[in-house]
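Everything on this sheet refers to the single structure shown next.
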Amino acid sequence: MPEALIIGAGNIGRGVVGYLLRKANYQLSFFDIDYSRLEAIKRRGRYHIYIAEEPVRKVEIKDFEIVKPNSLVNKLADIQTIFCCVYEGAFASIASNIVAAMEQRIAQKNTNELNLMLCVNSIDAPQKMAKLIMAEIADNSTMQEYFTHYVGINQVMVLSAGLPLPEEYLVSGEDDVMITSDPHLEIDGESYKGQQPEIPSVRFVTNAEGRLKRKVYVGNMRHTMAGFIGASLKQQFIYQAQMKPEVRAHLMGAFNEAHSAIISEYSFEPAEDHTWVAYMNDKLNQKVEDKITRVIANPERKLAYEERFVAPARLCLKHSILPYEISLGIAYGIKYLQQRPEEQRTTEELLNDVCGLESKRDFIITQLVKNHLEEIERK
Ligand SMILES: NC(=O)c1ccc[n+]([C@@H]2O[C@H](COP(=O)([O-])OP(=O)(O)OC[C@H]3O[C@@H](n4cnc5c(N)ncnc54)[C@H](O)[C@@H]3O)[C@@H](O)[C@H]2O)c1
Ligand SMILES: O=P(O)(O)OC[C@@H](O)[C@@H](O)[C@H](O)[C@H](O)CO
């Protein structure tokens with residue numbers, strides 16, 4: 001039986017990744033910084049994944065292991081497949097544990113490849129993780145050689161959402177999770193070390209940078225924009241914003257601007273890209289109870305210069321596309337920040353501090369956002 005360790009047993013770790021690996025008969029082990037929560041799941045012996053299909057399907061997950069904090073390094077020294085389903089803030093501690101595990105591996109002459117799959121929506125995540133590891137082994141050429149030869153740090157595009165279980169299903173267990181329909185993963189096959197396993201609904205792909213940016217700049221941008229607009233309409237769920245025709249027109253406009261920029265910058269096979277667009281657009285019609293608060297969590301990070309709004313807006317300009325609708329998403333993001341009771345900064349200051357936009361250098365984007373904000377205020 002193949003074995004995988006899932007670090008970060010949250011919506012994606014327990015949900016999408018747990019579901020796909022268990023379906024492929026993997027023996028699952030979970031590690032999470034919240035060990036008491038893992039213990040509670042283990043005590044119950046099972047949890048459920050609800051797949052948001054019509055009708056909703058429920059899958060039971062049992063016979064899994066949990067890893068104690070003081071056993072993590074031993075586990076990492078032994079295992080070959082690790083899925084990291086965390087936010088970037090967890091990278092430093094994971095990097096330190098990988099370094100400690102590499103020491104053990106070298107001592108044990110373990111030359112089995114170790115592949116770390118980074119299930120994160122962050123640009124350059126593998127480079128950031130590699131940098132943290134390299135910083136710890138800067139003076140150790142044996143470790144550096146081992147790292148280069150045997151450790152793969154691989155970007156994953158998680159093409160499904162994982163969310164806390166909506167309240168109406170909550171009877172069966174507090175650790176159950178919901179995932180959207182047709183979950184699948186794309187893993188960077190160019191960075192992967194060794195033989196690629198065959199797992200249904202998991203594809204090893206090339207052009208990972210283009211694919212990740214397509215996901216984050218086009219898909220996550222539109223998702224978060226629906227959240228910011230929905231928040232201004234005092235809605236609770238993403239689908240409520242997506243279903244409003246006037247909102248959907250703006251979401252589609254922003255999606256099309258970002259998508260045009262992405263396909264101008266990166267090469268995609270047209271049929272594959274067509275299928276991706278259809279898959280993403282199908283999500284607009286799904287009535288999944290995905291809370292706006294989840295999708296717009298950490299709004300300042302999401303509005304940053306290299307992130308899902310400003311980066312595609314800049315890419316649009318590079319390819320002579322006016323990021324008119326994406327700028328509307330930024331405007332709603334700024335409006336959301338301004339409504340926080342503790343927020344004192346002016347629009348100009350927020351555009352600068354949060355979005356990294358400079359009024360001279362980024363004249364077009366800042367002007368578009370300011371015009372949209374005036375228009376929103378007039379409504
Ligand atoms: N939820 C989605 O729909 C979705 C889809 C695609 C990608 N992602 C990405 O997947 C990642 C996880 O998202 P999520 O929705 O599952 O979040 P989540 O908050 O539900 O789960 C994250 C888990 O990581 C744990 N954690 C935090 N620091 C840790 C550490 N140092 N070591 C071990 N565990 C740690 C937390 O306790 C939590 O259980 C994020 O990077 C997110 O952007 C999420
Ligand atoms: O995970 P974040 O916080 O980067 O973004 C929130 C959502 O957009 C994200 O989790 C999506 O649900 C997911 O990426 C599936 O497309």
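Note that these values count all heavy atoms, side chains included, but never hydrogens, waters or copies made by symmetry. Indexing begins at 1, ligand by ligand and atom by atom, following the structure's order. We're numbering straight along the sequence, starting at 1.
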- Message: Tell me which pairs pass side chain to side chain donor-acceptor pair (under 3.5 Å) where either residue lies in residues 248-257, with sequence neighbours left out.
- Response: R248-N285, H250-E325
- Name all pairs fulfilling the ring pair (Phe, Tyr, Trp, His ring centres under 6.0 Å) condition that reach into residues 89-125, sequence neighbours left out, sorted by first residue then second. none
- Per-residue contact class, E88 against ligand 1 - non-hydrogen pairs under 4.0 Å: neither
- Logged contact type for S93 with ligand 1, heavy-atom cut-off 4.0 Å, is side chain
- For ligand 2, list the protein residues that place a heavy atom within a distance below 4.0 Å of one of its atoms, sorted by chain and number. Y87, N121, S160, A161, K215, N220, H223, R294, V295, R301, K302, R308
- Message: Only heavy atoms of I7, strictly under 4.0 Å: list the atoms of ligand 1 that pass.
- Response: 33 (C)
- Message: Distance under 4.0 Å to a non-hydrogen atom of V120: what atoms of ligand 1 satisfy this?
- Response: 41 (O)
- Message: Using heavy atoms and a 4.0 Å limit, tell me yes or no: is S160 in contact with ligand 1?
- Response: yes
- Item | Protein contact of atom 28 (N) of ligand 1 - nearest heavy atom, named by residue and atom, plus distance | A90 CB, 3.6 Å
- Task: Give the residue, atom name and distance (to 0.1 Å) of the protein heavy atom nearest atom 10 (O) of ligand 1.
- Result: C119 O, 3.0 Å
- Would you kindly specify which portion of I94 sits under 4.0 Å from ligand 1, judged on non-hydrogen atoms: side chain, backbone, both or neither? neither
- Query: Any cation-pi pair here, R214 with Y266, using under 6.0 Å and within 45°?
  - Reply: no
- Query: For the side chain to side chain contact (heavy atoms under 4.5 Å, CB included) test, which of V67, V99, N97, I98 pairs with V73?
  - Reply: N97
- Message: Please enumerate all residues that pass ring-ring contact (aromatic ring centres under 6.0 Å, His included) together with Y150, with sequence neighbours excluded.
- Response: Y146
- Of G89, G162, G10, G15, the residue with the heavy atom nearest atom 1 (N) of ligand 1 is G162
- Query: Backbone, side chain, both or neither: what part of S122 comes under 4.0 angstrom of ligand 1, heavy atoms only?
  - Reply: neither
- Task: State whether F64 and R22 meet the cation-pi test: NZ (Lys) or CZ (Arg) under 6.0 Å from the six-membered ring centroid, and within 45° of the perpendicular axis.
- Result: no
- Query: For atom 43 (O) of ligand 1, which candidate among V216, L185, L163, N121 holds the nearest heavy atom?
  - Reply: N121
- Message: What protein heavy atom lies closest to atom 34 (N) of ligand 1? Include the residue and the distance to one decimal.
- Response: I33 N, 3.3 Å
- In this structure, atom 23 (C) of ligand 1 is nearest to the protein heavy atom D32 OD2, 3.7 Å
